[in-house]
Every structure is written in C-alpha cells, then in structure tokens.
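Okay, so here's the structure we're looking at.
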Amino acid sequence: MSQRTLVLLKPDAVRRGLVGEIIGRIERKAGWSIAAMELRTLDRATLEQHYAEHEGRPFYEPLMEFMASGPSVVMVVEGERVIEGIRALAGPTDPIAAAPGSVRGDFGTIVRENLIHASDSEESAEREMKIFFPAFS
Ligand code: IDP
Ligand code: MG
C-alpha cells in the first residue's frame, strides 16, 4: 500500500549536520522516494497549525521556540507503508527510550530535540501535507 507522509528534519538535525545521514536512511528503504523537499525556517503560524494538538501542554512553548530556532528540512516521502515505516525509523518520542538503530535512538538525548517529525496516521499525513505544501495534491 503506497502512502505519502510529512517528514520534518528539525532544526537540531540541520544544525548538527545530520540531514544527509537521515535522508540516506530514508532513501535506502526499498521503493521509498522523496516527493517534495525544501529547507525552510518555520514561522509561528505554521507551527501553531502543525502542533495544534499540543497547545496548552507544558512543553508547547519551548517546542515552538525550538522549532523556529533555525531552518528545518520539510519533506513529503512516499512509498510502501511509509507512514508506519518512518515512525519506526524515527523511534519513539524520547530518544533515551528509543532503540539504537533508530534516528532518535542513535542521535538524540533530550525529548524536545529529537531530530525528526513524521506523521502518525493517514489522517495526520493528509492534514500536515496541506499545511506545509498547500499546492501539493
Ligand atoms: P512525536 O513527535 O513522537 O509524534 P508528540 O507527542 O507528538 O511526539 O510531541 C511532539 C513533539 O513535542 C516531540 O517530537 C518533541 O519534540 C516534543 N515533546 C513531546 N513531549 C515532550 C516532553 O514531554 N518534553 C519536551 N518536549 C516534548
Ligand atoms: Mg506527534
């Protein structure tokens, strides 16, 4: 089942020079491909839409500040079961709990700066792709 998903390589990944490493892992999965990609500094309005579900949580404001702190790589990735697949490749939210071999498990230590975002369901993917690539159908 081919799918599309929204992936963000967060500002920590860009600052630390891990873009090639992470994109390489995505590209090496058989049949997955990059359908859209841009280096972009995310503004408050975009981030408010993207993280609407977390508004009011204690980590929300620091998360917004971090996510606007420098450019991110914004991508649409497509391929077989890519929604579930990139979530697995990323690992769970807390990088210390994430298994080595996952992006977060290999490179992260603190929860906020966990390198990568990937849509968590088909509904989220549709919603998030519209936020970041409104012209992309
Ligand atoms: P996810 O990115 O694994 O889907 P979410 O729970 O949707 O995780 O949270 C969105 C983002 O907010 C996380 O990727 C992380 O950057 C940040 N975050 C989530 N929970 C915490 C927390 O408890 N402390 C600090 N930052 C958090
Ligand atoms: Mg999430």
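First listed ligand is number 1; within each ligand, the first listed atom is number 1. In what follows, residues are counted from 1 in the order of the sequence shown. Every value quoted in this text rests on a predicted model; they were computed, and no experiment measured them. What you see below is based on every heavy atom in this structure, not just the backbone, and it leaves out hydrogens, waters and symmetry mates.
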*Is the shortest heavy-atom distance from the side chain of I86 to the side chain of W32 under 4.5 Å?*
yes
_Those protein residues which place at least one heavy atom below 4.0 Å from ligand 1_ = K10, Y51, H54, F59, L63, R87, T93, R104, V111, R112, N114
*Looking at side-chain heavy atoms only, is the closest gap between V14 and L39 below 4.5 Å?*
yes
*Please, which pairs that meet side chain to side chain donor-acceptor pair (under 3.5 Å) have at least one residue in residues 85-96, sequence neighbours excluded?*
none
Acceptor/donor pairs from residues 58-75 side chains to any protein atom, 3.5 angstrom cut, sequence neighbours excluded:
{"from": "E61", "atom 1": "OE1", "to": "R44", "atom 2": "NH1", "distance (Å)": "3.1"}
{"from": "E61", "atom 1": "OE2", "to": "R44", "atom 2": "NH2", "distance (Å)": "2.9"}
{"from": "S69", "atom 1": "OG", "to": "R15", "atom 2": "NH1", "distance (Å)": "3.2"}
{"from": "S69", "atom 1": "OG", "to": "R15", "atom 2": "NH2", "distance (Å)": "3.2"}
{"from": "S69", "atom 1": "OG", "to": "F66", "atom 2": "O", "distance (Å)": "2.6"}

Please tabulate, for side-chain N and O atoms in residues 5-13, each donor-acceptor pair with protein atoms closer than 3.5 Å (sequence neighbours left out).
{"from": "T5", "atom 1": "OG1", "to": "S119", "atom 2": "OG", "distance (Å)": "3.4"}
{"from": "K10", "atom 1": "NZ", "to": "N114", "atom 2": "OD1", "distance (Å)": "2.7"}
{"from": "D12", "atom 1": "OD2", "to": "L115", "atom 2": "N", "distance (Å)": "3.1"}

*Any chance you could lay out the salt bridge (charged side-chain N to carboxylate O under 4.0 Å, His left out) test for R25 and E21, step after step, and finish with the verdict?*
CA-CA 7 Å; R25 293 177 182 212; E21 169 70 39; 2.8 Å; yes
